[in-house]
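Here the structure is laid out as structure tokens; the discussion comes afterwards.
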Amino acid sequence: MLIDHPLLGLRDSSEFIYMGDAKLLNRPNWKSKNSNTKFIDYGYLRKNPAGEHKELWYHEQGDRSWLVVTRNTVTHEILKVELARYLKRKANAK
Amino acid sequence: MAKLELKIEKPLNGYSKIINKIKIAEYQFDDLISLAIPLKSERKCQLNFKKSLGEPMPNIENSIINRSGILGFRIGLDLLFICNPSHSSFAKKTVPLLKQAFYITDQTGGWCGVKVDGDRVIEMLERICPLNLSQKIFAIGDVKRTIMDHLNVIIFRETEKKFILFSPSSSSGSFLKSIEISSRNI
């Protein structure tokens, strides 16, 4: 499987480590109401869809960047690859 | 009292061999340091790099070689390596200058260099390297970090058929063995 890294181009998936659901980027605020429930959801509950899924991939044997890869879990087609740092900064700026 | 002299021992003890017309030799260097760009300091680091090494800071996966033969390459948005083959004033003059802008880690003992050179070098590398080695994608002067035979490797293209491979010195023996086997099997 090849991953089209936004900065480096096509790279073999053996250079990357799968790091789970991309919802891990959105850590709940511990001061918010129902933070206990939110943290259980954040830490343990996953949708595990058969279809489009946003995932975190870490380029360990490369530039050490974190990517958000949108992948179809049925066909393994990679639909989109984004740098996690840019997505997070964009979200924080809102 | 006998005079004692400390000598640096290289990870592959100056290994050099030709297998299937591919010359495989340890690439020896005096210093290898990594530079990390602090958050929001890209501009300051660019100016400092130019001042310290006399060349502009390379783009991601590109490299520079300055007049003293010092090789600098960038493998990530905020990570660079500088390899000094033999320039004597590097540690005393260049490193303190670079320290004014970058976070620096000395990695000299952590890495081992192997130079591979020959007409069939691409055939040999294709067996262990997952990268596209065509010159359109991986041009002369480019550098990439990847995985070869389960080991982390930084590969630098010096000329069309000459590469320098940096791998962790702790596993350099295993890496050399995989290069030798791949060279025999082409």
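So you know, we letter chains A, B, ... as the sequences are listed, proteins then strands, and number each from 1.
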### B/Glu61: which of A/Asp63, A/Leu7, A/Leu8 passes side chain to side chain contact (heavy atoms under 4.5 Å, CB included)
A/Leu8
### Message
Membership question, hydrophobic clusters at under 4.5 Å side-chain separation (ILVMFWY): are B/Leu32 and B/Val114 in the same one?
### Response
no
### Query
Out of A/His59, A/Arg64, A/Gln61, A/Glu15, which one pairs with B/Arg145 under the side chain to side chain contact (heavy atoms under 4.5 Å, CB included) rule?
A/Arg64
### Task
Working to the nearest 0.5 Å, report the span between CD of A/Glu60 and CG of B/Asn152.
7.5 Å
## Note on the structure
Under 4.5 Å to a heavy atom of chain A? For B/Ile60 that would be side chain
### Message
Any heavy-atom pair between the side chains of A/Arg11 and B/Leu131 that's under 4.5 Å?
### Response
yes
### Task
Determine whether more than 12 heavy atoms belonging to other residues, nucleotides or ligands lie under 6.0 Å from atom NZ of B/Lys51.
no
### Query
For A/Arg46, does the CZ atom have more than 12 heavy-atom neighbours from other residues, nucleotides or ligands under 6.0 Å away?
yes
### B/Trp111 reachable from B/Leu71 in the ILVMFWY side-chain graph, under 4.5 Å edges
yes
### Query
Just how far is it from atom OH of A/Tyr86 to atom CG of B/Leu77, taken to the nearest 0.5 Å?
5.0 Å
### Query
So does A/Arg85 pair up with B/Asp78, basic N to acidic O under 4.0 Å?
yes
### Query
Under 4.5 Å between any side-chain heavy atoms of B/Thr146 and A/Asp12, yes or no?
no
### Task
Examine B/Ile154 and B/Tyr27 and state if one hydrophobic cluster contains both, with Ile, Leu, Val, Met, Phe, Trp and Tyr joined whenever side-chain heavy atoms are less than 4.5 Å apart.
yes
### Message
Report which part of A/Ser14 has an atom under 4.5 Å of a heavy atom belonging to chain B: side chain, backbone, both, or neither.
### Response
both
### Task
Spell out, yes or no, whether B/Phe73 and B/Ile64 are grouped together once hydrophobic residues are joined by side-chain heavy atoms under 4.5 Å, including indirect joins.
no
### Query
A/Val69 and A/Trp66: same hydrophobic cluster, using ILVMFWY side-chain contacts below 4.5 Å?
no
